[in-house]
2 protein chains.
Amino acid sequence: MELRHLRYFVAVAEEGHVTRAAERLGMQQPPLSQQIRALEREVGVQLFRRKPRGMEMTAAGRAFLEDARAILTHVDHAFAATRRTARGEQGRIAVGFTSSAPFHPFVPRVIRLFRDGFPLVSMAFEESGTTELVDALRNEKLDAAFIRSGAPQSSGLAVHHLLDEEMLAALPAAHPLARSASKPLTLAALSDEAFILYRRPVGPGLYDAIISACREAGFSPIVGQEAPRILSTLNLVAAGLGISIVPASLTRMQMDGVVYRRLKSDRKFVAPLSLAVRWSEPSASVRRFVDLARATAKTFRAERP
Amino acid sequence: MELRHLRYFVAVAEEGHVTRAAERLGMQQPPLSQQIRALEREVGVQLFRRKPRGMEMTAAGRAFLEDARAILTHVDHAFAATRRTARGEQGRIAVGFTSSAPFHPFVPRVIRLFRDGFPLVSMAFEESGTTELVDALRNEKLDAAFIRSGAPQSSGLAVHHLLDEEMLAALPAAHPLARSASKPLTLAALSDEAFILYRRPVGPGLYDAIISACREAGFSPIVGQEAPRILSTLNLVAAGLGISIVPASLTRMQMDGVVYRRLKSDRKFVAPLSLAVRWSEPSASVRRFVDLARATAKTFRAERP
DNA sequence: CATCTGCCATATCTAGCAGATATGGATTTA
DNA sequence: TAAATCCATATCTGCTAGATATGGCAGATG
């Protein structure tokens with residue numbers, strides 16, 4: 001039993017006439033007659049009554065016609081869906097991001113654009129620290145992740161740098177350095193402060209960037225507290241336990257008791273935002289997502305140099 | 001593209017290994033490899049990644065696997081459903097009956113037995129006069145009908161006699177002849193009465209039977225009223241406009257103002273109940289229904305001779 | 001490092017069968 | 001009654017699915 005039997009059966013059922021059905025199928029009547037017979041023998045049921053002027057379906061034939069049509073339609077739909085999947089227009093993508101990434105208007109913008117462009121691709125989201133995201137990528141639990149690392153030393157992953165975000169000092173509102181609103185601070189001015197930093201094993205990217213920048217400014221920062229999430233960091237600053245250095249997009253978070261200050265340094269002090277994916281054979285949907293993110297980043301950077 | 005391509009694809013997808021899938025399918029590895037290639041060429045999508053130790057599905061391949069499985073399952077179900085239809089275990093049957101037929105316990109019993117025995121056969125019901133039922137049978141609107149005729153002269157129909165039902169006189173409660181409860185009436189005793197009869201074009205079976213019996217008793221009945229339905233007949237009797245002769249099962253209808261009397265005659269005065277179907281190629285479900293009705297009638301007659 | 005094993009791909013051959021062609025039988029139409 | 005219509009059966013032929021032979025590559029083993 002093959003699909004051609006179903007195609008032949010449907011044609012004869014719809015025409016009610018073997019010769020006309022054969023024309024429609026582009027073949028001769030006798031073999032079509034024989035194929036219908038073969039089908040009846042295989043099902044073990046008489047599907048048609050032969051009349052002097054055509055064929056009339058039995059009740060069993062009518063029941064089979066419904067199924068035959070549905071099956072042939074399903075085959076067409078299966079082909080189409082498979083092609084859409086291959087083109088990245090359909091499928092599933094699991095995206096992760098660090099806790100600071102969603103504050104940046106870029107990330108929601110990429111997600112919106114992707115959803116608008118590929119409505120048949122279902123998206124799942126996960127928020128975690130960088131280390132966990134990298135593991136999840138490796139384990140194929142996630143397909144892509146927005147992270148704050150410039151270039152983690154992770155084999156099997158491709159990290160696409162998207163953009164850099166200015167880093168600001170986050171100070172307690174009552175801090176003396178919080179008063180001069182218009183003058184950027186030097187890092188050196190913070191050398192005696194207790195720093196509240198994002199926990200390194202969770203977010204190595206930001207941690208390392210801050211340490212490195214302070215080293216370059218001539219001091220090793222006093223780490224007073226480590227916080228498990230970016231929001232905990234700001235909470236501790238608001239409580240007056242110390243200062244921190246955070247990506248500028250965190251200012252979108254109206255946090256009482258925290259004042260943000262720009263930083264002046266010899267080299268632009270920025271936090272990178274990158275998209276990490278596995279090197280090994282990304283699906284077409286993932287490739288589409290990466291391409292869109294990179295194109296959007298390019299546009300974003302052009303809009304605000 | 002044929003079903004065998006789907007069968008081959010599913011086997012390879014499930015085994016993740018061409019050689020093992022070929023064994024499972026009872027063929028050699030090279031032609032299976034070629035057929036998978038042919039399928040990929042036809043869909044225009046890479047469904048597998050070839051690895052040194054087996055095959056790994058792409059995202060498109062995974063999408064296609066779901067569809068392929070569903071299609072193959074649907075084919076199996078289509079065969080099974082078609083066979084069930086041919087055996088009369090599935091399908092549809094439209095049954096009609098005259099307005100007096102459902103009062104007989106036999107009819108609901110047949111319907112219940114059929115429903116219990118063939119739950120996959122859907123049933124539709126229609127109530128009408130005999131003439132209309134016969135037309136509907138001819139027009140293939142109905143598949144079977146319970147009628148009151150013994151043997152209508154209708155070409156193309158087969159009429160299966162099921163059982164006979166005693167006829168009773170239906171009298172107004174205040175009628176003088178209503179008083180002697182235990183003695184059967186002779187038909188001759190009703191010769192001066194106005195008869196209320198079921199309209200002949202609607203129900204020729206009962207009408208003719210009554211006229212014929214009266215003729216045999218030596219008189220021609222005075223037809224005072226004709227009624228369109230059996231219930232109308234009893235309503236007019238209750239109103240005192242005349243008497244009627246009705247099948248005994250009508251006594252199950254508790255009608256105020258009507259008294260039923262048995263009739264005494266030289267020949268048993270009965271109303272037949274028959275099942276009519278088309279001669280031409282009844283579906284298996286209809287054949288099943290007829291067989292069940294006849295077998296049930298035989299049982300019924302044995303229970304009450 | 002060389003050799004072996006495992007596994008898929010390509011090439012060639014052969015048998016089976018789908019479709020073409022010829023013919024026949026039954027019914028309907030003119 | 002003859003011709004037309006329409007499905008069925010028989011025979012033939014070309015195509016392709018599957019069998020067989022062989023090759024290439026990667027990984028495992030000694």
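Computed from a predicted model, the values in this text were never measured in an experiment. Just so it is clear: chains get the letters A, B, ... in the order the sequence lines come, proteins before strands, and each one is counted from 1.
Salt-bridge formation is detected for the pair R24(A)/E14(A): a Lys NZ or Arg NE/NH1/NH2 atom is positioned less than 4.0 Å from an Asp or Glu carboxylate oxygen. Here E2(B) does not pair with R7(B) in a salt bridge; the nearest charged N to carboxylate O distance is not below 4.0 Å. Using a 4.0 Å cut-off between charged nitrogen and carboxylate oxygen, E23(A) and R20(A) do not count as a salt-bridge pair.
With a cutoff of under 4.0 Å to any heavy atom of chain A, the contacted region of DNA chain D is bounded 5' to 3' by dA4(D) to dA10(D).
Proximity of residues 29-63 of chain A to DNA chain C (heavy atom under 4.0 angstrom from any strand atom) is restricted to P30(A), P31(A), Q35(A), P52(A), R53(A). DNA chain D is contacted by H17(A), V18(A), T19(A) of residues 16-26 of chain A, taking any non-hydrogen atom closer than 4.0 Å.
With contacts defined as side-chain heavy-atom distances shorter than 4.5 Å, the pair F146(B)/L162(B) qualifies. When side chains are defined from C-beta on, V75(B) does not count as touching L6(B), because their heavy atoms never get closer than 4.5 Å. Two residues are said to be in side-chain contact when any heavy atoms from C-beta on lie closer than 4.5 Å; M57(B) and F64(B) fail this criterion. At a threshold of 4.5 Å between non-hydrogen side-chain atoms, the residues L39(A) and L47(A) count as touching.
Between the C1' atom of dA20(C) and the CE atom of M27(A) lies a distance of 10 Å, rounded to the nearest Å.
With rounding to the nearest 0.5 Å, the separation of CZ in F9(A) from CZ in R69(A) is 9.0 Å.
Using modelled atom types and a 3.5 Å distance limit, the side chains of S100(A) and Y198(A) yield no donor-acceptor pair.
Between V18(B) and S33(B), the shortest heavy-atom contact is CG1-N, 4.1 Å.
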